[in-house]
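Read through the structure below, which is laid out as structure tokens, and then see the notes.
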2 protein chains.
Amino acid sequence: MEKPVTWRNMSDNDKPTPQDQRSKAMQARIIRASITCLDRLGYAETTFARIQAKAGVSRGAITHHFPTRQALVAATAMELLAKALGPVERRAANADQPEPVRALITRAWGQVVNSAGGRAMVEILVACRTDKELYHLLEQRLHDWDAQSRASINRAYRGSGADPDDAELLWSMTRNFLRGLVLHDKFVSDPAYLARMVDRFAGLIETQLIPLPAKDMP
Amino acid sequence: MEKPVTWRNMSDNDKPTPQDQRSKAMQARIIRASITCLDRLGYAETTFARIQAKAGVSRGAITHHFPTRQALVAATAMELLAKALGPVERRAANADQPEPVRALITRAWGQVVNSAGGRAMVEILVACRTDKELYHLLEQRLHDWDAQSRASINRAYRGSGADPDDAELLWSMTRNFLRGLVLHDKFVSDPAYLARMVDRFAGLIETQLIPLPAKDMP
DNA sequence: CTTTACAGACCGTTCGTTCTGTTTTTAAGC
DNA sequence: GCTTAAAAACAGAACGAACGGTCTGTAAAG
């Protein structure tokens, strides 16, 4: 009752005990079901009962690891954020310079935003707008993630705009644009139109966001 | 009990009867409260009880005009969509040619998307993703509105891209970008960053979307 | 023997919807 | 115009379902 330690302190380099492994596996299982529910049912319908059924675990298992619904969704968001940094930190195949901007944007769309996890993240962000308790749990992490994402871009690209932080500005715009596409889907009857929007947008950003040669990277 | 005729047939040019006026006023009052609730509480917390309290009307009044929650939100969406076409169809002050693109985008952001109605619309679009009943009520209207919005842009601007429908593609991208900003707010600590994103984006679109002289308009 | 990991019953609240009344407007017969 | 019956516009009680959170009990790990 004292404190529901959702994440054990792993700073000391203990080997993970069997109990830790079991806990981590259970949490991962619950979070995976949470992502599916958020994507397919939305935040409001992502209830304990739904996740319980989808994950095939008991009610007690969920409430033990995540005392409130907001805590569960927050944990889900952190999991998604951790995975979402992949494309930004990826280097081009020849590693001599960063990935071309068009390829970067295309992959960010196809593999991150336009996936079950990406759509789940949109649900969480929308919920953050009105659920103060959820936002309180996530605010710091979202800001940290944003800073990390911008720093990664600054390391590998430069912007052609006036401001010195133009590269991260352009990348913030790109993330924002791709996220919006999840909702624009409802306006168009032809899904291919979204791909055209991505392509046209990538063409615009491509002229502004220039890959830095590897030797110029800090 | 037969059919809850929410909208009376006004195709014939009768003068609106007192009862119609009263109905319309009540519906507007409920919808106004619905917009406020959607903006401040989100779709999930926009309940009959909340709207009832905010609008100061009885439960029966709401259920009489809107038999289900989805019907109420759908009516709210139609109201918002009707208002949202304003900036697109507006002409420049001198009327010799359409409004400059930068001014158009700035106004679309400040007066449409980044307003209580704009944020409410984002909530509705997100809800459409997972609420099939709501989406069924709105799908056709959303597609029609999309076509109307694109047609308005095509009438007053031309795109500099390869495709003949480049203008409407660029405008779809702009709408999508501005909508996403409502959520990007949660990532940044400084709200002014959103304004910078709008400005940078407007600068990009400005080079691609060219106002047509009035004489060239159909 | 204590603590953690789970299991599942339980509870007060709130939800959307349905329903039965009451008042106001409309339409019809005269 | 006046009377009157039907219909529409509300008002508000009632209901079952489902929600999040809590609480007690059991097995496994430390």
Side-chain angles (χ1 to χ4, degrees), chain A residues 1-10 14-30 33-34 37 41-53 55-74 127 131-134 137, chain B residues 1-10 12 14-30 33-34 37 41-53 55-75 127 131-134 137:
Chain A
M1 173 54 74
E2 276 303 299
K3 43 175 180 172
V5 186
T6 304
W7 282 280
R8 179 182 295 270
N9 182 6
M10 291 292 281
D14 301 334
K15 55 187 179 302
T17 73
Q19 200 168 118
D20 281 334
Q21 289 180 350
R22 198 153 65 106
S23 278
K24 216 65 176 110
M26 175 63 86
Q27 289 173 21
R29 199 169 163 188
I30 294 169
S34 168
C37 285
L41 305 171
Y43 178 69
E45 300 287 327
T46 298
T47 66
F48 284 132
R50 245 62 104 98
I51 295 175
Q52 177 182 350
V57 301
S58 75
R59 180 66 155 277
I62 302 179
T63 57
H64 173 67
H65 292 285
F66 310 101
T68 67
R69 196 166 78 108
Q70 284 86 352
L72 167 56
V73 174
D131 189 326
K132 299 196 82 172
E133 193 178 331
L134 175 62
L137 291 174
Chain B
M1 172 52 75
E2 278 301 299
K3 43 175 180 172
V5 186
T6 305
W7 283 277
R8 181 182 292 270
N9 182 7
M10 291 291 282
D12 41 6
D14 300 334
K15 54 187 179 301
T17 73
Q19 199 168 120
D20 282 333
Q21 289 180 350
R22 196 154 66 108
S23 278
K24 217 62 175 115
M26 174 63 85
Q27 288 173 20
R29 201 171 162 186
I30 294 170
S34 168
C37 286
L41 307 171
Y43 178 69
E45 299 289 325
T46 298
T47 66
F48 282 131
R50 248 56 108 97
I51 294 174
Q52 174 182 352
V57 302
S58 76
R59 184 65 151 272
I62 301 180
T63 57
H64 174 68
H65 291 287
F66 309 102
T68 68
R69 195 166 79 107
Q70 285 86 353
L72 167 56
V73 174
D131 189 327
K132 299 197 81 171
E133 192 178 334
L134 174 62
L137 290 174

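Residue numbers begin at 1 in each chain, while the letters A, B, ... track the order of the sequences.
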[X] side-chain N/O to [N] phosphate OP1/OP2 under 4.0 Å:
X	N	value
A:H64	C:dA7	no
A:T47	D:dC19	yes
B:S58	D:dC10	no
B:H65	D:dC10	yes

Roughly how many Å is it from [atom1] in [X] to [atom2] in [N], rounded to a whole number?
X	N	atom1	atom2	answer
A:D20	C:dT3	CG	P	17 Å
A:I62	D:dC19	CD1	P	12 Å
B:F48	C:dC15	CZ	P	11 Å
B:R59	C:dG21	CZ	P	19 Å
B:R69	C:dT18	CZ	C1'	17 Å
A:F66	C:dC6	CZ	C1'	14 Å
B:I30	D:dA11	CD1	C1'	12 Å
B:Q21	D:dA9	CD	P	13 Å

Kindly say whether A:I30 contributes a backbone atom to a donor-acceptor pair with the side chain of A:S34 at under 3.5 angstrom?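 A pair under 3.5 Å: no.
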
Would you say A:R29's side chain and A:A55's backbone share a donor-acceptor pair under 3.5 angstrom?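 Side chain of A:R29 to backbone of A:A55: a pair is present.
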
Counting heavy atoms from C-beta on, name the nucleotide in [options] closest to the side chain of [X].
X	options	result
B:R22	D:dC19, C:dC15, D:dA9	D:dA9
B:V57	C:dT18, C:dC15, D:dA11	D:dA11
A:S23	D:dG12, C:dA7, C:dA5	C:dA5

Shortest non-hydrogen contact from A:A127 toward A:L134: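 Reported closest heavy-atom pair: CB-CD2, 3.8 Å.
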
Taking N or O atoms only and anything under 3.5 Å, show me the protein contacts with nucleotides 11-13 of chain C, one pair per line.
none

Could you check if a side-chain atom of [X] sits within less than 4.5 angstrom of a side-chain atom of [Y], using non-hydrogen atoms only?
X	Y	answer
B:T68	B:E133	yes
B:L72	B:F48	yes
B:E45	B:C37	no

What residue pairs, at least two apart or across chains, pass salt bridge (charged side-chain N to carboxylate O under 4.0 Å, His left out) with a residue in residues 63-72 of chain B?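 Qualifying pairs, neighbours excluded: none.
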
Using the closest heavy atom to pick a nucleotide of DNA chain C for each, name whichever of A:G60 or B:Q70 lands nearer the 5' end.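 Comparing both residues, the 5'-ward one is A:G60.
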
5'-most by nearest nucleotide on DNA chain D - A:T63 or A:R50: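 Nearer the 5' end of the strand: A:R50.
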
